[in-house]
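A, B, ... follow the sequence lines: proteins, then strands. Residue 1 opens every chain. This is a predicted model, so every value here is computed, not measured.
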There are 2 protein chains.
Amino acid sequence: MRSYEQYCAVARALDVVGDRWSLLIVRELILRGPCRYTDLRHGLPGIATNLLADRLGELEKAGIVEKVDAPPPVATSLYELTPRGRDLGPVLESLGRWGSVLMETGRRGDQFRSHWLAFPISRLVDAAPEAPPVTIQLRTGDQPMVVETASGSVRARPGTIEDPDAVLAGPPDAVLGVLVGRMDLAKARRRGLRFEGNVAALERIRPSR
Amino acid sequence: MRSYEQYCAVARALDVVGDRWSLLIVRELILRGPCRYTDLRHGLPGIATNLLADRLGELEKAGIVEKVDAPPPVATSLYELTPRGRDLGPVLESLGRWGSVLMETGRRGDQFRSHWLAFPISRLVDAAPEAPPVTIQLRTGDQPMVVETASGSVRARPGTIEDPDAVLAGPPDAVLGVLVGRMDLAKARRRGLRFEGNVAALERIRPSR
DNA sequence: CGGCATCCTCTTTGATACTG
DNA sequence: CAGTATCAAAGAGGATGCCG
């Protein structure tokens with residue numbers, strides 16, 4: 001990106017990460033940890049491959065991303081964040097918080113990847129830390145996810161679990177709407193949500209405001 | 001900006017404010033309050049006038065900026081932030097925090113405007129709230145600024161004050177470096193800082209980390 | 001002059017094809 | 001798999017023109 005040439009911290013930050021796609025690449029690496037080139041392409045639907053290569057080069061030069069050789073089992077190299085890159089977490093956090101109200105409009109044919117749910121879900125809070133743990137199986141997007149409470153917080157990870165307290169399946173906006181408490185079950189069902197299990201499990205998960 | 005078309009809060013936020021210059025326009029309106037078109041141009045050195053007009057139109061359509069007729073004395077219209085626009089404060093805050101280490105490299109011929117100092121200065125903290133207030137006069141950039149402590153916090157505003165506890169003048173990086181405690185007085189003087197007054201006044205102002 | 005709209009050039013992006 | 005090469009389209013930057 002062409003520099004703004006302003007002696008201001010915001011402008012200088014944007015000189016480095018203000019390019020189109022740059023912050024979304026960081027999002028992928030924060031959400032998924034070290035990634036192969038192909039993993040990044042999959043998590044960034046719409047990016048042109050030459051742009052991904054360009055941006056990775058720039059981010060590497062800026063000390064945000066590091067290219068490392070993967071340990072023996074994998075025969076490729078991985079991209080991962082440097083500590084300086086991980087420091088962008090609060091930037092993504094504030095942007096995501098500001099953007100969360102824009103998620104109410106559902107999709108307009110937007111692409112979706114399941115692991116993107118980890119961001120809003122990490123903002124949920126387990127209302128009763130001393131109560132028994134809750135597990136919820138999600139089936140939306142490209143891969144199944146598990147939501148589980150752990151010591152007062154809520155986390156999401158890819159994978160499946162046996163005997164979850166509830167299963168949510170269907171379109172991403174309905175699943176997300178119910179999870180964050182923005183949409184009630186009846187409305188979500190009308191939008192295509194399939195729900196099984198214990199409704200009380202959802203009440204253990206509440207938006208932290 | 002072309003949409004990323006991703007059902008992710010970060011991507012949707014960037015759909016709205018990810019355009020070049022957009023967040024810097026918001027910076028100006030947060031730092032200076034309602035602005036005339038010309039004020040914005042002055043605070044955004046390097047922007048092409050058609051781009052400023054374009055961006056203002058987009059930001060208005062997105063509900064971030066509002067164009068209002070100024071009250072009688074002024075014969076022009078003003079641009080101001082909507083509540084939704086003011087909600088971008090934390091985004092600029094986190095970006096500025098991340099970018100602050102990029103300010104150590106001084107200028108490379110970058111443009112500078114005095115009011116940009118308000119951002120880093122608001123992160124300073126008055127170490128001893130019960131101690132007498134401190135006022136510092138700054139003379140760097142396009143207009144004089146006053147830094148003053150008030151009930152435990154530190155604020156900056158344009159203007160001059162009589163009998164300040166200290167006066168800092170010279171290049172912006174030296175003034176800023178001393179203010180945030182990154183540069184000691186000797187080094188700042190070698191970089192062109194002119195200092196008058198009470199050194200102890202600086203010790204009342206400390207980075208809040 | 002403040003507040004844009006137009007025109008033109010140059011750079012960046014996006015889509016696709018191709019290679020080690 | 002992990003990119004590079006190519007080329008058309010979109011966007012940015014700069015100059016200038018217009019209008020109250």
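Taking the charged nitrogens against the carboxylate oxygens, R36(B) and D39(B) do have a contact shorter than 4.0 Å, which makes a salt bridge. Note on E148(B) versus R157(B): salt bridge recorded, some NZ/NE/NH1/NH2 to OD/OE distance being below 4.0 Å. Between E58(B) and K61(B), none of the side-chain N atoms (NZ, or NE/NH1/NH2) sits under 4.0 Å from a carboxylate O, so this pair counts as no salt bridge.
Contact of N50(A) with dG3(D) (side chain to base): no donor-acceptor pair of N or O atoms is detected under 3.5 Å.
With no hydrogens or angles considered, no side-chain donor-acceptor pair links W98(B) and E93(B) at under 3.5 Å.
A straight line from CD1 of I47(A) to P of dG14(C) spans 8 Å, rounded to a whole angstrom. L51(A) places its CG atom 17 Å from the P atom of dA9(D), with the value rounded to the nearest Å. Computed from coordinates, the M1(A) CE to dT12(C) C1' distance equals 10 Å when rounded to whole Å. Rounded to an integer number of Å, the gap from W21(A) CH2 to dT13(C) P is 11 Å. Summarising the geometry, the separation between CG on L44(A) and P on dG14(C) is reported as 12 Å, rounded to the nearest angstrom. Between D19(A) atom CG and dA12(D) atom C1' there is a gap of 13 Å when expressed in whole angstrom units. Distance, Y79(B) OH to dC4(C) C1': 8 Å, rounded to whole Å. One atom, CZ of R2(B), and another, C1' of dA15(C), lie 9 Å apart when rounded to the nearest Å.
With the nearest nucleotide of DNA chain D identified for both L56(A) and D54(B), L56(A) has the one nearer the 5' end.
Annotation: R155(A), atom CZ; neighbour count of heavy atoms from other residues, nucleotides and ligands within 6.0 Å does not exceed 12.
For dT4(D), the OP1/OP2 oxygens have no side-chain nitrogen or oxygen of T49(A) closer than 4.0 Å. Taking 4.0 angstrom as the limit, R20(A) places a side-chain polar atom (N or O) nearer than this to OP1 or OP2 of dG14(C). OP1 or OP2 of dA12(D) sits under 4.0 Å from a side-chain N or O of R55(B).
Among the atoms of the strands shown, none is found under 4.0 Å from any heavy atom of R41(B).
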